2 protein chains.
Amino acid sequence: MRPDMPTASDLSSHLGYWLRYVSNHVSHAFALKLGSCDVTVAEWAILRELYGDDHRAPSHVAHKLGLTRGAISKLADRLIAKGLATRTASASDGRAQTLALTAGGRRLVPKLAALADRNDAEFFGHLGPKQRSAVERILKEIVRIRGLKSTPID
Amino acid sequence: MRPDMPTASDLSSHLGYWLRYVSNHVSHAFALKLGSCDVTVAEWAILRELYGDDHRAPSHVAHKLGLTRGAISKLADRLIAKGLATRTASASDGRAQTLALTAGGRRLVPKLAALADRNDAEFFGHLGPKQRSAVERILKEIVRIRGLKSTPID
DNA sequence: TATTGTTATACTCTATAACTATA
DNA sequence: TATAGTTATAGAGTATAACAATA
């Protein structure tokens, strides 16, 4: 370091930086695993969402995942093309649609979840249960706080 | 939840999932702030790297940031086009290059760091100092462990 | 042959904005 | 007019692989 250099705060201290660094690598490793099932990380997020909460409006999924409706629309197209999900028009509201898993999609989710388990173990397996749950709690807390604060996404 | 549904491990328990969720939002919010200085998040990572460790080989930067040389090459092009960095041929090795900040680039880093500070505060400001340093330690530890394990990136 | 870097190509991810159809 | 959803467009981010120059 140069003694005459402005500190620029402490460059190594931004949590966002390390979060992005680690997240990029965790997601990339996971993407390689999911690739063996021809599914991407973003697709997995939707499958996972629909698995617990089937027949949902695209806008609901968008809100849950923190994405725009346009993004969900495109991802849903891919899932449908792969035979993993369906899109159904609502009977009561001509504008509304519903997303759901096909039988194949539903069967696939536990397999993908096993890959997610393995990926998690590779990156976080060394953490003790207390550390692990502390991280999980902190992340979910941020989502909660930001979720309340956030203006509608589009 | 459907009582007959296979558990698929616990879908809400993948740290990688929450990490990606939070990281995406933190990075997006940061990108909006950096946009006011016409800098992207990936460009910031390089500027930040060169600020503390100037005149570095692209391959060194790639290794530090966990990216490929091709990715650095493209990002460096953009930084050079913006007048924030320079690329210099090595005298001793005809293949080697060196990246460094321009005076303007060096002046810009503290401003960007202030934006990073602000972004961090928005997302992590509610954490106590102990929580904060715990998260930081855990993230850096993962980088350390994975760094040792990882095969060269290309 | 091995290494440093660049370039060409291709995808995913995601947003914004315009648009369609319905309410 | 407002809302649900789709589509068009665009750009960031990144990888892989082929390539050129040098060692």
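Numbers restart at 1 for each chain; the letters A, B, ... are given by sequence-line order, proteins then strands. These numbers come from a predicted model, not from an experiment.
Not counting sequence neighbours, A:Arg48 has no partner by the salt bridge (charged side-chain N to carboxylate O under 4.0 Å, His left out) test. B:Ser36 pairs by the side chain to side chain donor-acceptor pair (under 3.5 Å) definition with nothing, not counting sequence neighbours. By the side chain to side chain donor-acceptor pair (under 3.5 Å) test, B:Arg56 pairs with B:Asp53, sequence neighbours left out.
Between the CD atom of A:Glu43 and the C1' atom of C:dC11 there is a distance of 12 Å, given to the nearest Å. To the nearest angstrom, P of D:dA20 lies 16 Å from CZ of B:Arg69. Atom CZ in B:Phe30 sits about 11 Å away from atom P in D:dG13, given to the nearest Å. As a whole-Å value, the separation of A:Leu34 CG from C:dC11 P is 18 Å. A:Leu99 places its CG atom 10 Å from the C1' atom of D:dG5, with the value rounded to the nearest Å. Across the protein-nucleic acid pair, A:Gln97 atom CD and C:dA23 atom P stand 12 Å apart, rounded to whole Å. For the pair B:Trp44 CH2 and D:dA12 C1', the interatomic distance rounds to 18 Å; values are reported in whole Å. For B:Leu67 and D:dT16, the CG to C1' distance is 14 Å, given to the nearest whole Å.
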* Can B:Val26 and B:Phe124 be said to form a side chain to side chain contact (heavy atoms under 4.5 Å, CB included), step by step? -> CA-CA 10 Å; B:Val26 173; B:Phe124 310 113; 4.0 Å; yes
* **Check against side chain to side chain contact (heavy atoms under 4.5 Å, CB included), B:Val39 and B:Leu84** => CA-CA 10 Å; B:Val39 168; B:Leu84 300 174; 4.2 Å; yes
* **Residue pair A:Ile138, A:Val135: steps toward the side chain to side chain contact (heavy atoms under 4.5 Å, CB included) verdict** => CA-CA 5 Å; A:Ile138 287 170; A:Val135 172; 5.8 Å; no
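In summary, of the residues considered (A:Pro58, A:Ser90, A:Ser59), a side chain to side chain contact (heavy atoms under 4.5 Å, CB included) with A:Gln97 occurs for A:Pro58 alone.
Checking the phosphate oxygens (OP1, OP2) of C:dT12, no side-chain nitrogen or oxygen of B:Arg20 falls inside 4.0 Å. Contact between the side-chain N/O atoms of A:Thr68 and the OP1/OP2 oxygens of C:dA15 is found at a separation under 4.0 Å. Of the side-chain N and O atoms in B:Asn24, one or more sit less than 4.0 angstrom from OP1 or OP2 of C:dT14.
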Please write out each protein N/O paired with an N/O of nucleotides 21-23 of chain D under 3.5 Å, distance rounded to 0.1 Å.
residue : atom : partner : partner atom : Å
D:dT22  : O3'  : B:Gly94 : N            : 3.3
D:dA23  : OP1  : B:Gly94 : N            : 2.6

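Among the heavy atoms of the strands lying under 4.0 Å from A:Thr40 are primed sugar atoms or P, OP1, OP2 only; no base atom is included. Among the heavy atoms of the strands lying under 4.0 Å from A:Ser59 are primed sugar atoms or P, OP1, OP2 only; no base atom is included. Heavy atoms of B:Ala31 sit nowhere under 4.0 angstrom from any nucleic acid atom.
Counting only distance, with no hydrogens or angles, the side chain of A:Ser133 and the backbone of A:Pro129 share a donor-acceptor pair below 3.5 Å.
Closest approach to the A:Val41 side chain among D:dG13, C:dC13, C:dA15 is made by C:dC13 (side chain taken as heavy atoms from C-beta onward).
Among pairs with a residue in residues 26-35 of chain B, those fulfilling salt bridge (charged side-chain N to carboxylate O under 4.0 Å, His left out) read B:Lys33-B:Glu122, at least two apart in sequence or across chains.
Between B:Arg137 and B:Glu141 no salt bridge is recorded (no basic side-chain N to carboxylate O distance below 4.0 Å).
Shown for residues 77-89 of chain B: residues whose heavy atoms fall under 4.0 angstrom of DNA chain C, namely B:Asp77, B:Arg87.
A donor-acceptor contact under 3.5 angstrom links the side-chain atoms of A:Lys74 to the base of C:dT14.
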